[in-house]
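Both backbone and side-chain heavy atoms feed into the values below; hydrogens, waters and symmetry mates do not. Ligands are counted one by one from 1 in listed order, and the atoms in each one are counted from 1 as well.
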Amino acid sequence: MEDNDELKSGHALNMNTRIAEVSSSILSIPKMYDVIVTGAGPAGAFLAGQLARAGLLVLLVEKCKFPRHKICGCCLGAGALFMLATAGADKFLAEFKRRSLDFLVCHVGQKQLTVPIPSARSLSRENFDSSLVLWGCESGVIFLPETNARVASIETNRVVVELIHNGSTPLVVSAKVFVAADGIGGTSLSGLSRFNFETAVHSRIGMGCIINAPNSKHKANSIQMYYHPYGYLGSVLLEDDRLNLAASVDVQFIRRQGTAAAMQEIADYCSADLPDLASAHWRGTAALTRRRKVVWGDRIFVTGDSAGYVEPFTGEGMTSALASAQLVAPLVIQAAVHDWQPALGKEWQRIYNRFVRNNQMTCRVTTAILHRPALTLAAANVLSLCPDLGRTVAGFINRSYCARSR
Ligand SMILES: Cc1cc2nc3c(=O)[nH]c(=O)nc-3n(C[C@H](O)[C@H](O)[C@H](O)COP(=O)(O)OP(=O)(O)OC[C@H]3O[C@@H](n4cnc5c(N)ncnc54)[C@H](O)[C@@H]3O)c2cc1C
């Protein structure tokens with residue numbers, strides 16, 4: 001066994017055991033809660049932990065078996081790290097080998113430019129999301145993995161939720177408040193037309209995979225980004241030396257070429273020094289640019305990517321998810337401790353529009369640039385000539401999230 005494999009399986013084994021220890025069985029959970037949170041990504045797990053710390057009885061439902069990988073660039077921005085540290089939620093992150101990311105290396109065709117970025121960190125989603133769940137459970141969250149949640153009905157004093165574990169007969173539970181933090185493919189609100197997604201016509205989709213690459217020449221402290229007219233592909237080294245790859249690509253390009261060939265074409269276009277991508281196990285996401293018209297309903301709040309998402313860049317997705325969890329927490333607490341009032345939902349819509357969607361506008365501008373390799377190169381040129389400007393732009397995005405989430 002390679003050293004890397006040993007490290008990987010050692011960590012995975014440890015996290016598997018710890019998650020199993022904090023997981024509850026659907027047969028033994030209470031039937032009534034203050035709050036049910038759906039989705040144990042950064043938004044759901046961070047929110048659930050904060051609510052439990054405020055003394056609420058919280059159920060965190062997750063459809064996947066944990067620890068689980070999720071398609072993601074795995075770059076935690078400075079803003080995310082700051083928020084977690086301030087809340088004390090970074091406790092378990094210290095256990096993983098620290099991989100600092102100091103540079104973004106942009107490859108456009110044969111051109112290559114290096115831009116300094118404010119200190120970020122790479123961490124696999126198996127370990128990051130599981131660490132947040134462990135933190136939440138330490139605070140009293142009841143964690144129910146491998147269970148699909150769906151709002152069945154909204155009554156005057158509670159939300160009724162169906163829980164389906166491994167295809168079994170639904171268990172009906174209820175809560176004073178329900179929070180959907182179930183990501184871009186979230187289905188917990190699918191029975192309620194008010195929350196239907198609006199998807200951008202030419203939205204790209206996300207693709208991702210993790211490769212064991214013991215002899216990779218990937219620079220440990222860098223994010224490598226490879227731009228192609230039909231998409232871009234980013235790579236970072238994870239804490240266990242595996243290579244994480246994530247891409248945003250045109251759907252038609254994938255249909256024409258097939259996933260693996262399309263990814264290989266992006267790499268070849270930039271003469272990327274990457275392992276064979278054609279044989280990697282790629283997975284895809286739903287359309288990335290989507291949002292809901294409203295982010296609240298009676299006794300319901302929507303947060304994180306489930307509320308809306310623009311497109312991945314490096315570090316704002318998880319920062320935004322954590323920030324929106326932090327912003328919605330006081331309103332959820334008020335709705336659970338006192339009674340539900342529509343004013344709380346309206347207030348969440350106002351805060352969400354003002355703080356989160358404004359930041360997504362920054363992503364939209366960035367995305368418009370990233371979809372045009374020539375513009376990307378010009379922007380990278382400017383940033384590499386003025387490194388302080390690069391740090392300032394990235395720092396602005398991250399700081400604006402943390403400042404607003406406090
Ligand atoms: C290609 C790509 C690259 C990216 N790169 C980065 C990056 O480098 N840095 C960064 O910060 N962000 C990045 N992002 C964005 C980041 O992954 C998301 O913004 C972040 O995961 C959002 O967190 P969340 O908690 O809102 O949702 P998620 O992390 O998606 O979590 C939602 C959870 O809900 C669960 N779920 C769904 N439906 C149900 C249901 N009905 N019942 C129970 N559970 C359910 C899902 O299984 C999932 O675990 C990237 C995204 C993509 C697609």
Side-chain angles (χ1 to χ4, degrees), residues 36-48 59-81 101 104 117 120-126 128-130 132-133 143-151 161-165 178-191 203-209 223 225 231-236 244-249 282-290 302-325 328 356 360 363 397-398 401:
I36 295 176
V37 180
T38 309
F46 191 42
L47 175 65
L59 176 68
L60 176 63
V61 190
E62 166 56 51
K63 77 171 177 199
C64 294
K65 184 173 190 315
F66 256 51
R68 61 102 178 85
H69 171 61
K70 183 203 167 286
I71 297 168
C72 185
C74 297
C75 304
L76 274 170
L81 295 169
L101 300 169
L104 174 67
I117 51 172
R121 180 178 175 178
S122 71
L123 188 60
S124 66
R125 291 296 298 264
E126 291 108 310
F128 177 52
D129 294 24
S130 298
L132 275 182
V133 167
F143 178 53
L144 187 61
E146 295 181 81
T147 305
N148 226 299
R150 193 184 72 88
V151 171
V161 179
E162 280 182 357
L163 302 177
I164 303 178
H165 175 72
F178 179 85
V179 183
D182 49 0
I184 49 173
T187 52
S188 66
L189 299 174
S190 55
S203 169
R204 288 185 168 179
I205 57 165
M207 303 294 314
C209 71
I223 306 169
M225 294 288 279
Y232 52 91
L233 171 68
S235 66
V236 290
N244 184 81
L245 293 154
S248 154
V249 271
W282 291 93
R283 290 192 305 149
T285 67
L288 292 174
T289 308
R290 55 167 58 202
V302 189
T303 194
D305 277 8
S306 183
Y309 188 60
V310 183
E311 209 179 279
F313 184 43
T314 44
E316 328 78 35
M318 288 186 276
T319 310
S320 166
L322 295 169
S324 65
V328 80
V356 183
Q360 287 179 346
C363 286
I397 294 170
N398 274 302
Y401 279 121

Under a 4.5 Å cut-off applied to non-hydrogen side-chain atoms, are [X] and [Y] in contact?
X	Y	result
Met318	Phe128	yes
Ile36	Val179	no
Ser130	Arg125	no
Ser235	Met225	no
Arg150	Thr187	no
Leu59	Leu163	yes

Can you list the atoms of ligand 1 that are under 4.0 Å from a heavy atom of [X]?
X	answer
Lys70	17 (O), 21 (O), 28 (P), 29 (O), 30 (O)
Gly317	10 (C), 11 (O), 12 (N), 15 (C), 19 (O)
Cys64	47 (O)
Ala321	22 (C), 23 (O), 26 (O)
Leu288	53 (C)
Ala247	1 (C)
Thr38	40 (C), 42 (N), 43 (C), 44 (N)
Val61	43 (C), 44 (N)

List for me each residue that meets salt bridge (charged side-chain N to carboxylate O under 4.0 Å, His left out) alongside Asp305, sequence neighbours excluded, and say none if there are none.
-> none
What residues form a salt bridge (charged side-chain N to carboxylate O under 4.0 Å, His left out) with Arg121, not counting sequence neighbours?
-> none
Flag [X] as yes when one of its N or O atoms lies below 3.5 Å from any N or O atom of ligand 1, and as no otherwise.
X	answer
Ile184	no
Ala43	yes
Thr187	yes
Gly73	yes
Ser248	no
Pro42	yes
Lys63	yes
Thr303	no
Asp305	yes
Thr285	no

Non-hydrogen atoms of Ala325 and Ala43 that approach each other most closely =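 Nearest heavy atoms, Ala325 then Ala43: CB-O, 3.4 Å.
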Shortest non-hydrogen contact from Ala149 to Val61?
-> CB-CG1, 3.9 Å
Would you please say whether a donor-acceptor pair under 3.5 Å links the side chains of Asp182 and Thr38?
-> no
Please answer whether the main-chain N or O of [Y] pairs with a side-chain N or O of [X] as donor and acceptor at a distance below 3.5 Å.
X	Y	value
Ser306	Val302	no
Arg290	Ile184	yes
Thr319	Gly79	no

Pick whichever of Cys72, Gly79, Cys75 has a heavy atom sitting closest to atom 9 (N) of ligand 1.
->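 Selected option, by shortest heavy-atom distance: Cys75.
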Selection from Cys74, Ser324, Gly44, Ala149 by shortest heavy-atom distance to atom 42 (N) of ligand 1 = Ala149
Check for me whether [X] has a heavy atom closer than 4.0 Å to any atom of ligand 1.
X	answer
Gly77	no
Ile223	no
Gly208	no
Arg125	yes

